[in-house]
2 protein chains.
Amino acid sequence: MRLKHAKRRTARAAPGPGRNASIQDVAASANVSIATVSRVLNTPDLVAADTAERVRRAIDQLNFRPNRFAQGLMTRRSRILGVGVPDLHGEFYSALLRGADDEARRRGYHLLVTSGVGGKSSDGHMGAMLGLVDGVALMITEPNEKLLEVTRRSDLPIVLLDAEVNGAVRDTILVDHEAGAAEAAQHLLKTVEPSRCFFVGGPRENFDTARRAKAFADAVRMHIAARTPPRAGDTTVLGPDQIVYGDYSVNWGGIWARDCIACGRLEGAGVLAGNDEIAYGIMHAALDAGLSVPGDVKIIGFDDTRLCSLVRPTLSTVRVPLQDIGAAAVSALIRRVETPDAEPQRIRLKTTLINRESGG
Amino acid sequence: MRLKHAKRRTARAAPGPGRNASIQDVAASANVSIATVSRVLNTPDLVAADTAERVRRAIDQLNFRPNRFAQGLMTRRSRILGVGVPDLHGEFYSALLRGADDEARRRGYHLLVTSGVGGKSSDGHMGAMLGLVDGVALMITEPNEKLLEVTRRSDLPIVLLDAEVNGAVRDTILVDHEAGAAEAAQHLLKTVEPSRCFFVGGPRENFDTARRAKAFADAVRMHIAARTPPRAGDTTVLGPDQIVYGDYSVNWGGIWARDCIACGRLEGAGVLAGNDEIAYGIMHAALDAGLSVPGDVKIIGFDDTRLCSLVRPTLSTVRVPLQDIGAAAVSALIRRVETPDAEPQRIRLKTTLINRESGG
DNA sequence: AACCTGATCGGAAGCGCTTTCATGACTGGC
DNA sequence: GCCAGTCATGAAAGCGCTTCCGATCAGGTT
């Protein structure tokens with residue numbers, strides 16, 4: 001037997017398995033209206049204690065969870081935050097993500113992660129993401145007009161990680177690469193001649209490398225200018241080979257070091273690397289060539305990834321608080337989402353020189 | 001002048017800035033009904049070519065993007081996949097996530113990442129996640145009844161990473177740890193006496209460590225049983241100290257190695273470590289003690305993280321295709337989401353012994 | 001001429017929720 | 001005993017979309 005054209009207007013099947021309980025079911029079960037159920041959830045103060053209790057029991061019993069889509073449709077909030085990073089490879093982003101995720105969960109938000117930000121095919125994907133999230137934390141490491149344009153025109157809350165966007169006043173999490181690079185330079189300059197100090201960076205266009213390079217150069221120049229008495233031949237112009245660029249890889253560090261060794265210039269040098277991997281590459285090439293670290297050459301890395309304490313000799317490095325960056329980004333983003341009119345914030349996180357073995 | 005109590009029933013403000021264009025706006029602009037607009041988006045075949053074209057123009061012009069919440073409310077799909085891992089720390093999960101993200105974006109899905117799966121406070125967070133995603137890829141490394149119970153009772157599509165759940169027939173991505181461990185053992189046994197072969201694992205409860213340990217022991221026993229002629233004193237019982245457990249850290253590897261050295265038992269040994277970090281710890285302690293690797297002691301790691309090719313001597317290891325695991329998980333999950341009635345799948349991924357320096 | 005068929009489209013229901021507005025029951029002050 | 005002022009609650013209007021159903025029309029079939 002089968003009902004033919006059964007009237008289905010308002011009748012609804014019992015919330016058995018296969019269908020989650022809806023607010024309707026709860027309301028029916030607690031003998032109140034759906035409005036009251038909603039109030040119990042969102043504004044409990046507006047409902048009488050005993051009613052609320054009854055509703056809560058029904059909720060538990062039916063295992064009711066508000067449908068997030070319906071909620072989102074009304075409130076225009078999803079409690080999801082987008083996180084866009086250029087890449088998911090390696091220690092670096094994994095630490096960042098970890099900080100972000102911890103903070104997000106603490107605040108009852110979820111993280112929608114997407115990598116390849118700035119890549120070619122990322123536009124559509126980003127677009128789709130914008131419709132789902134309450135805000136976006138974006139990490140951009142190289143200039144990318146298209147992406148910045150999107151962020152500028154979007155009215156979605158955005159915080160920028162470690163990148164300044166000229167023209168737009170936005171929440172921004174900054175890392176004080178300058179102080180870190182300067183501190184590292186000063187440390188090297190204690191025992192190394194300014195002319196023997198090198199900065200071996202990542203890609204020239206990379207924001208971080210650029211800032212670290214500039215601060216390094218400034219520190220070296222300042223050191224020269226300040227020392228008394230001046231020495232013969234002192235010049236505040238750095239040699240063109242003292243600041244070089246490549247990429248963020250062990251390989252590039254090795255290449256540079258071997259070149260340098262070939263010219264006999266690595267011995268007695270002090271090197272600040274653009275990141276830990278480069279530093280490791282340099283150190284390794286030096287050791288392979290029979291140089292001692294830090295005896296013959298002093299090396300300082302950047303970021304303080306796990307690598308630093310694993311390798312021997314251990315790597316001195318400039319610690320960048322990656323987890324804190326992630327956490328701060330999420331925190332700032334939530335603040336903007338929840339209080340859209342708040343003043344834009346610029347949070348600046350400190351770096352720390354970590355003296356281990358390689359830096360002397 | 002201001003309109004007082006203007007009638008607002010059906011009138012709606014123009015879709016200026018501050019409000020995104022809705023399907024209504026598109027319909028009005030293209031002079032069709034919203035049903036037609038929807039069809040253009042979802043079932044273009046049902047719309048006349050010229051009408052569709054007109055609608056598409058309106059969509060472009062108004063920069064219309066369907067509201068994902070409204071869509072989700074109707075379709076019960078979000079095109080978001082949940083990924084739950086125990087931890088976000090380190091190379092391991094970062095590689096996995098990368099594979100997952102690549103595959104997801106290729107298929108037009110997004111990833112909602114959550115760590116701390118299996119942790120104490122993760123329940124509520126997981127619960128909230130379940131309402132948002134089309135399915136979940138779960139990585140569990142240790143027994144966790146509560147979590148498994150949740151997965152069992154949920155009708156949400158789930159794929160399990162590298163964990164078997166007895167009783168439930170589920171899509172599962174498995175890694176052939178057994179083959180990898182056996183291959184590594186056999187490699188060591190070529191030059192090392194069975195009684196001098198060790199497995200230094202991570203936590204005893206950890207699924208992976210348990211499986212690797214068992215396969216290692218089996219391989220050693222089988223080697224003893226198979227060799228002809230049998231030697232005096234051959235026994236297929238491994239010494240209790242040949243399979244040991246600790247945690248997945250460099251530190252633990254170092255501790256074990258130093259203990260072993262103290263008893264004079266490391267020289268001439270062959271060691272399979274539970275992961276690369278342990279292997280590195282062992283290798284380092286050995287080198288520090290003046291032993292040569294692989295001359296005096298042969299060491300093989302597990303996972304093939306970046307560390308292996310960075311350190312010197314380079315680490316032989318059993319490669320686990322982390323990125324492939326992530327990609328396979330997402331792929332299987334999408335399959336289940338889109339064809340819920342498909343047969344449950346068990347995908348088994350191969351490991352590969354990577355011979356570098358430390359393994360001899 | 002009456003009928004059927006398929007292609008195309010609009011009307012309208014309804015997904016599950018939040019929120020406004022109206023209602024009714026009490027309360028205290030006169 | 002009556003009116004203003006709470007307080008607790010319900011009815012109902014949508015949020016923006018998908019999809020079922022039916023209307024219309026052109027063109028072919030009997």
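Convention: sequence-line order gives letters A, B, ...; per-chain numbering from 1.
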For the pair T172(A) (side chain) and R170(A) (backbone), establish whether a donor and an acceptor sit closer than 3.5 Å, ignoring hydrogens and angles.
-> yes
Measure distances between side-chain N and O atoms of R39(B) and base N and O atoms of dG10(C), and say whether any donor-acceptor pair falls under 3.5 Å.
-> yes
Donor-acceptor pair present, R76(A) side chain and dG16(D) base, under 3.5 Å = no
Between C1' of dG16(C) and CG of L62(A), the distance in whole Å | 15 Å
Separation of dG14(C) atom P from F69(B) atom CZ, nearest Å, is 25 Å
Just say parallel, tilted or perpendicular for the rings of H125(B) and H110(A), cut-offs at 30° and 60°.
-> parallel
Please tell me which of A35(B) and L73(B) maps to the more 5' nucleotide of DNA chain D, matching each residue to the nucleotide holding its nearest heavy atom.
-> L73(B)
For dG16(C), does either OP1 or OP2 sit under 4.0 Å from a side-chain N or O belonging to Q71(A)?
-> no
Looking at every strand, decide which applies to V37(A) at a 4.0 Å heavy-atom threshold: base, sugar-phosphate, or nothing.
-> nothing
Provide, to the nearest angstrom, the distance between the CZ atom belonging to R68(B) and the C1' atom belonging to dT18(D).
-> 15 Å
Side-chain N,O (S33(A)) to OP1/OP2 (dG10(D)) below 4.0 Å = yes
Residue pair A70(B)/D45(B) against DNA chain C: nearer the 5' end by closest nucleotide is D45(B)
Candidates dT9(D), dG16(C), dC17(D) - which lies nearest the side chain of N67(A) = dG16(C)
When you measure from the side chain of T51(A), which nucleotide among dC17(C), dA8(D), dT18(C) comes out closest?
-> dA8(D)
Can you tell which of dT18(C), dG10(D), dC17(D) lies closest to the side chain of M74(A)?
-> dT18(C)
Just how far, in rounded Å, is P of dT24(D) from CG of L46(B)?
-> 20 Å
Would you mind reading off the distance between D50(A) atom CG and dT9(D) atom C1', rounded to a whole angstrom?
-> 12 Å
I34(A), nearest nucleotide to its side chain (from dC17(C), dT18(D), dT8(C)) | dC17(C)
S29(A) side chain to D25(A) main-chain N or O, any donor-acceptor pair under 3.5 Å?
-> no
Quick one: D25(B) CG to dC17(D) C1', roughly how many Å, whole number?
-> 13 Å
Per atom distances to the S38(B) side chain, the nearest of dT18(D), dC17(C), dC9(C) is dT18(D)
How many Å lie between CD1 on I23(B) and C1' on dA12(C), as a whole number?
-> 14 Å
For the pair S22(A) (side chain) and Q24(A) (backbone), establish whether a donor and an acceptor sit closer than 3.5 Å, ignoring hydrogens and angles.
-> yes
Would you indicate whether the side-chain heavy atoms of L41(B) and P66(B) approach each other to under 4.5 Å?
-> yes
Which of these nucleotides, dC9(C), dT9(D), dG16(D), is closest to any side-chain atom of T36(B)?
-> dC9(C)
Does a donor on one side chain sit under 3.5 Å from an acceptor on the other, for D134(A) and S78(A)?
-> yes
Which whole-number value in Å describes the distance from Q24(B) CD to dG14(D) P?
-> 12 Å
